[in-house]
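To keep things clear, I will list the structure first and then write my remarks on it.
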Amino acid sequence: MPQVLRVALDTPLRRLFDYLPPAPAGAVPLPAVGTRVRVPFGRQRLVGLVLATADSSEVPPGKLKPILEVLDARPVLDSSAIELLTWAAQYYHHPIGEVLAAALPRPLRFGAPAAEVEERWVATDAGAEAAAAGEPRRAPKQRALLSLLLERGGAPAATLDERLSSWREAARALLARGLIASTEIGIEPPAFPEPRLRAPGPPLLPEQSEAVKAVVSGLGRFVAYVLHGITGSGKTEVYLRLIERVLEQGRRALVLVPEIGLTPQLLGRFRERFDAPMAVLHSALTDSERLAAWREAWSGRARIVLGTRSVVFAPVPDLGLIVVDEEHDASYKQHEGGFHYSARDLAVVRARHAAVPVVLGSATPALETLHNVAAGRYAHLPLPRRAAEAQPPRLALLDLRTSAVRSGIATPAVLAIERHLAGDGQVLVFLNRRGYAPTLLCTACGWIAPCRECDARLTVHLAAGRLRCHHCGADAPLPARCLQCGFAVKPVGQGTERIEETLAALFPGVSIARLDRDVVRRRGDLEEVMRRMSSGEARILVGTQMVTKGHDFPNVTLVVVLNADHGLFSTDFRASERLAQTIVQVAGRAGRGAKPGEVLIQTEFPEHPLLQSLLAEGYDGFARTALREREQAAWPPFSRLAAVRDSATSAQAALGFLTDARSIAQRPPRGVRLLGPVPAAMAKRAGRYHAQLLIESGERTRLHEFLDAWLPEVDSLKSARRVRWSLDVDPIELF
């Protein structure tokens, strides 16, 4: 019997599919593992990846079908990539075909060439005969195109775009008559000279030098390093020095960042330092741009590959180093879709498989990361001082119970802003809530504008004159009167838009910039805000979480944190960690230049242990306390969690499926607990009802053994057909 090819397809089925080699057997070599093939699948023709070969199949010989087409001359995924993706499919208990699809740009999943090609058009013999006879007589555009192709002996599409307008329609007509033909020719990427430094870096502090020395000594083997540096301590400079050494060895670097659109300065510093080709991959790219960047990486032309979450799967030949910047950031966890992976954790696994060091950098490392340091699994590289002799900012709490407040800003904060502006400093005001106000209230009947699709209130966007839901995207006009009783309505609470309005009234003539998702909608919007701040044109910046991510404003001397109490009393055990990280990160924007920095944190609970711990001992002290509390409560990292989440058109169906799933595990193995099911904190979202079931164990092995045995039975439940459900291993959001 001919050899059988085992193919992974982008389907929710947790298995591979067996196919015969392309017919006629033996006419072409068997496609290598990691090669894309086009195969019949029911009535469809799908693109899949060859993952293995076998001498036999459980499918009866008469039902095995041959592969229709081999799409690649060489694999699009090498053995190390397949090893990583197979591990991810097993660890996250997700169908291998969908995992592999996540590693490839969309055009490749539908059969686009892996190598760069040029579309070229030529006249056929029939076309030459027709042109000699003066054809086509009544179609001047077709005749002009045919003549041009005959004169030049063919032409690439780019040339035709320049020479003939609207030639595609004429080409379709000529192609249908067999007078011209198109082909795709592989393009060899131009050679690039060896990477070189454009400019040397600044002198390093002793602790930066020690960090560079430690990682360089580990090049060529796996070690996980935690570069734990306070904000402004020069972590990026350490990354640059390490990448410089990797490039000198003829190898390549992979760099993960939380959000590429929010870190233009990081990318700019890489390009200022290195004269070397780079590939940048992130979700804001078009399909064609993403494919072009992937090709740069796959071909080996790119020496530095940089991007957001999914770049962890990018092909990087001769990989020498992986860097994960701001490793604590929640955006490294994929929340959408069914494949809920952690790019940070997969970066560590990839480094282990590739036998290269991985550097996890942060001023506020995740508690799981610090636990790995304490357990000796990760090496700790501290950077306790700011670079360029800048001093850490001074933090203070503003008690909202004893201060007058105007539209969310306390009087002492207003006076501090006035003082810093007079001293020629810039001010950053942080509020993690966009829009004008979170609520539209009727003062007569108490009506609050609700979202009809979610258990949430609509947010007021005054400038746009709209009410918007930040959960499902619902949008409605902003009413002048209550829709229930006809009385006047008013916005209640503050968002960044309202804070900007308040500051403009308090400080007339002072230029104010805002940074949130409502402002940054198109390419160039973020860069414009950055330009206004860097040039000093804007004196005050109002922003959401976006302002905490890697931006460097040397002239910002004051940071005001509004509504710091959000997260102090959450039911989610990670809420305090996220709040501490946010406060420390946004506070770190102050005093990064020559002038000292000040941070004011507004709160109604100044005695709260979290805030007191941050002020007295910094993030390190908070982390020690938080880890002790986690251990006492047996929460991660001292236990392992998985969450089964579902949504349905009714609350009964959502809870019913999870109840059925739990009933299968009437007696879970020792050391495994099932908690729930319960409705989600926001039970109704985007018109669907959501619920979840938690699986907890003190041992990772026990948890995964249970999931391996349990999930196939869950898949077969009849109630599973009435819901959308997914499994999230190591969830970072529970409620």
Regarding [X] and [Y], does a basic nitrogen lie under 4.0 Å from an acidic carboxylate oxygen?
X      : Y      : result
Arg433 : Asp516 : no
Arg198 : Glu272 : no
Arg196 : Glu244 : no
Glu501 : Arg498 : no
Arg419 : Glu598 : yes

Any luck finding a side-chain donor-acceptor pair between [X] and [Y] under 3.5 Å?
X      : Y      : result
Glu259 : Thr308 : no
Gln585 : Thr582 : no
Glu327 : Thr369 : yes

With a 4.5 Å cut-off on side-chain heavy atoms, are [Y] and [X] touching?
X      : Y      : value
Asp572 : Arg578 : yes
Met546 : Arg517 : yes
Leu204 : Val238 : no
Leu467 : Asp475 : no
Ile540 : Val429 : yes
Arg385 : Leu383 : no
Arg290 : Arg106 : no
Phe274 : Pro195 : no

To the nearest 0.5 Å, what is the distance between [atom1] on [X] and [atom2] on [Y]?
X      : Y      : atom1 : atom2 : result
Leu360 : His228 : CG    : NE2   : 12.5 Å
Leu205 : Glu210 : CG    : CD    : 12.0 Å
Leu367 : Arg574 : CG    : CZ    : 8.5 Å

Item to complete: Using the salt bridge (charged side-chain N to carboxylate O under 4.0 Å, His left out) rule, collect all pairs that involve residues 600-621, keeping only residues at least two apart or in two chains.
Response: Arg401-Glu607, Glu617-Arg624
Looking at [X] versus [Y], is the centre-to-centre ring distance below 6.0 Å?
X      : Y      : value
His335 : His340 : no
Tyr341 : Tyr332 : no
Tyr225 : His380 : no

Discussion item. Check the orientation of Phe622 and Tyr619. Use parallel for under 30°, tilted for 30 to 60°, and perpendicular for over 60°.
Written reply: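 Answer is tilted, since the angle falls between 30° and 60°.
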Practice prompt. Taking Arg589 for its side chain and Val559 for its backbone only, find out whether a donor-acceptor pair lies under 3.5 Å.
Written response: no
Discussion item. For Arg531, is there any backbone N or O sitting under 3.5 Å from a side-chain donor or acceptor partner on Ser534?
Written reply: no
Worksheet item: Residues in ring-ring contact (aromatic ring centres under 6.0 Å, His included) with His470, at least two apart?
Response: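 His470 satisfies ring-ring contact (aromatic ring centres under 6.0 Å, His included) with His461 only.
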Worksheet item: Picking from Val414, Ile417, Val510, what satisfies side-chain contact (heavy atoms from CB on, under 4.5 Å) with Leu503?
Response: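 Answer after filtering Val414, Ile417, Val510: Ile417.
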Item to complete: Flag yes if more than 12 heavy atoms outside Arg245 fall under 6.0 Å of its CZ atom; otherwise flag no.
Response: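 Counting other residues, nucleotides and ligands, CZ of Arg245 stays at 12 neighbours or fewer.
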Practice prompt. I would like to know whether Lys333 and Asp345 meet salt bridge (Lys or Arg N to Asp or Glu O under 4.0 Å); could you show each step before the answer?
Written response: CA-CA 9 Å; Lys333 182 68 187 252; Asp345 296 349; over 6 Å; no
Fill in: salt bridge (Lys or Arg N to Asp or Glu O under 4.0 Å) against Arg241, all qualifying residues, sequence neighbours excluded
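By the salt bridge (Lys or Arg N to Asp or Glu O under 4.0 Å) rule, Arg241 matches Glu237.
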